[in-house]
Chemist: 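Please see the structure below; I have some questions.
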Number of protein chains: 2
Amino acid sequence: MLKTKNQKRIEEVENVACHLFANNGYHSTSMRTIARELNMNQATLYHYFSSKEDLLFKLMDDAIENSTNTLKRICAADILWEDKLKAVLNSYTRYFAGYKEGEILLLNEMNSLSEPKREILIKKQRHFVELFKTILNDASADHKLEQIHTTVAIFAFFGMVHYTVKWYNKDGEVNLEELAAMFSKNPGPEGQALGCP
Amino acid sequence: MLKTKNQKRIEEVENVACHLFANNGYHSTSMRTIARELNMNQATLYHYFSSKEDLLFKLMDDAIENSTNTLKRICAADILWEDKLKAVLNSYTRYFAGYKEGEILLLNEMNSLSEPKREILIKKQRHFVELFKTILNDASADHKLEQIHTTVAIFAFFGMVHYTVKWYNKDGEVNLEELAAMFSKNPGPEGQALGCP
DNA sequence: TATTATCAAACAAACGTTTGATTGAATAAC
DNA sequence: GTTATTCAATCAAACGTTTGTTTGATAATA
């Protein structure tokens with residue numbers, strides 16, 4: 001699969017734009033800034049992307065497609081739901097805390113998109129959540145998770161994981177494996193109340 | 001404590017600006033939009049706030065001061081750490097999920113501030129986290145929480161709570177009391193693995 | 001009268017985007 | 001093998017808007 005020069009250039013633009021959008025925000029990042037970072041004229045950007053919003057959309061769409069495919073693969077695997085749960089919590093935590101900037105865009109910039117595009121991504125996100133729920137439903141059918149509100153459970157998990165981008169440093173004292181374990185491990189004896197990490 | 005007409009007007013501006021900033025984003029909300037919403041000329045806004053950024057800063061600063069004061073009161077109370085923990089988790093969850101738009105700004109718009117101001121708020125947020133940690137330290141001294149990484153625990157909780165603004169509907173099937181209970185209750189028997197809600 | 005509150009109008013700067021021209025490297029014609 | 005054609009890639013310059021902000025004047029209030 002050899003990349004054309006065109007595709008390479010597109011990816012260069014995407015990488016730089018994704019980095020800037022994720023770290024400085026979409027509205028605070030101008031096309032001039034992106035072009036300057038690439039040593040390229042701003043007009044040239046419009047040879048590859050028809051608008052700034054199109055560029056953002058492509059980045060966000062790639063990110064959600066990527067996450068969804070990973071989740072699909074786990075759901076389709078022929079393993080126990082316990083292992084599916086463990087796999088998805090683990091992979092998602094690692095994926096996210098490991099700094100996928102596209103996911104940061106999905107988290108921060110949904111409101112920066114105008115209407116036809118935003119609705120498309122929201123639908124894809126809802127689909128992602130539904131996939132996630134199928135695992136918990138398997139668990140429920142196993143009569144082991146009845147007393148838990150699955151919607152709250154899912155979003156509590158997403159919240160914990162998404163927030164890592166605001167504080168977690170993968171080179172700090174807790175590595176990615178440990179973090180994923182903390183987010184997904186079974187709670188122990190009483191007294192470990194707090195946010196259930 | 002009678003409010004001058006001046007103070008009243010300032011609060012009107014703050015309420016409208018906070019609502020617009022929180023829901024549409026700081027950069028996407030122009031001074032013209034704020035003025036129009038108030039049936040007021042845009043220039044008049046500068047009679048009350050010296051700049052748009054000053055307006056944002058005041059909103060965010062009020063929010064963090066407010067949260068910190070609540071937390072201080074709980075920390076200073078003469079009760080067991082278990083009850084402190086329960087109180088703070090409960091109040092914070094209720095506070096946040098109940099739609100405090102200033103907190104949304106603290107979550108979303110920190111990068112919209114330029115340097116002297118941002119550092120001030122970041123320091124205050126760090127102070128807030130330190131206060132939170134004192135409770136967990138009391139718990140640790142009680143030899144009941146040793147095996148938990150307190151930093152991870154705190155941010156896991158913040159993550160769960162902050163994320164509620166993206167999905168939680170207080171008029172839905174889970175009310176605020178229940179949600180706060182779910183976020184702060186002791187985990188039960190094995191099998192309730194998942195994100196520990 | 002002095003101070004506060006409001007306004008219409010304009011300002012310079014920054015924005016996303018378009019235009020029109022110029023290059024480079026292929027492909028086709030001779 | 002040279003020349004002509006084509007098309008993708010790039011650029012400087014400018015476009016029309018929108019932005020945050022200022023000015024200078026007017027109305028209201030005290």
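Every chain is numbered from 1, with letters handed out A, B, ... down the list of sequences. None of these values were measured; they are calculated from a predicted model.
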Chemist: Do Phe128(B) and Tyr92(B) make the cut of ring centroids closer than 6.0 angstrom?
Modeler: yes

Chemist: At 4.0 Å (heavy atoms only), tell me whether Ser28(A) reaches a base, stays on the sugar-phosphate, or touches nothing.
Modeler: nothing

Chemist: Just call it for Thr33(B): base, sugar-phosphate, or nothing, with non-hydrogen atoms closer than 4.0 Å on any strand.
Modeler: nothing

Chemist: Find the distance Asn41(B):CG to dT6(C):C1' and express it as a whole number of Å.
Modeler: 7 Å

Chemist: Would you indicate, yes or no, if dA9(D) has its OP1 or OP2 atom less than 4.0 angstrom from a side-chain nitrogen or oxygen of His47(A)?
Modeler: yes

Chemist: Starting from P on dG16(C), measure out to NE2 on His27(B) and report it in whole angstrom.
Modeler: 12 Å

Chemist: Do the two ring centres, one from Phe158(B) and one from Phe132(B), sit under 6.0 Å apart?
Modeler: yes

Chemist: Between dC15(C), dT21(D), dT19(C), which one does the side chain of Arg32(B) approach most closely?
Modeler: dT21(D)

Chemist: So if I take every side-chain heavy atom of Ala43(A) and compare against dT19(C), dT6(C), dT21(D), which nucleotide ends up nearest?
Modeler: dT19(C)

Chemist: Cation-pi between Lys52(B) and Tyr46(B): NZ/CZ under 6.0 Å from ring centre and within 45° of the ring axis?
Modeler: no

Chemist: Rounded to whole angstroms, how far apart are CZ on Phe21(B) and P on dT19(D)?
Modeler: 12 Å

Chemist: What's the closest nucleotide to the Thr44(A) side chain, out of dT10(D), dG20(D), dT17(C)?
Modeler: dT10(D)

Chemist: To the nearest Å, give me how far apart CZ (Phe49(B)) and P (dT22(D)) are.
Modeler: 15 Å

Chemist: When the distance from CG of Leu55(B) to C1' of dT21(D) is rounded to whole Å, what number comes out?
Modeler: 14 Å

Chemist: Check each of Leu85(A), Thr150(A), Ile154(A) against Ile135(A) using the side chain to side chain contact (heavy atoms under 4.5 Å, CB included) test, and report the only one that passes.
Modeler: Leu85(A)

Chemist: Distance check needed: dT22(D) C1' versus Lys52(B) NZ, whole Å only.
Modeler: 17 Å

Chemist: Lys8(A) has an atom NZ; how far is it from atom P of dA9(D), in whole Å?
Modeler: 13 Å

Chemist: Whole Å only: how far is the CG atom of Leu45(A) from the P atom of dC11(D)?
Modeler: 10 Å

Chemist: Looking at CG of Asp62(B) and NZ of Lys100(B), how far apart are the two atoms once the value is rounded to the nearest 0.5 Å?
Modeler: 10.5 Å

Chemist: When you measure from the side chain of Tyr46(B), which nucleotide among dT10(D), dC11(D), dG20(D) comes out closest?
Modeler: dG20(D)

Chemist: If you assign Gln42(B) and Arg9(B) each to the DNA chain C nucleotide with the nearest heavy atom, which residue ends up on the more 5' nucleotide?
Modeler: Arg9(B)

Chemist: Taking only side-chain nitrogens and oxygens of Asn6(B), does any of them come within less than 4.0 Å of OP1 or OP2 of dT4(C)?
Modeler: no

Chemist: Measure from the side chain of Met40(B), starting at C-beta and using heavy atoms only, and say which of dC7(C), dA12(D), dA5(C) lies closest.
Modeler: dC7(C)

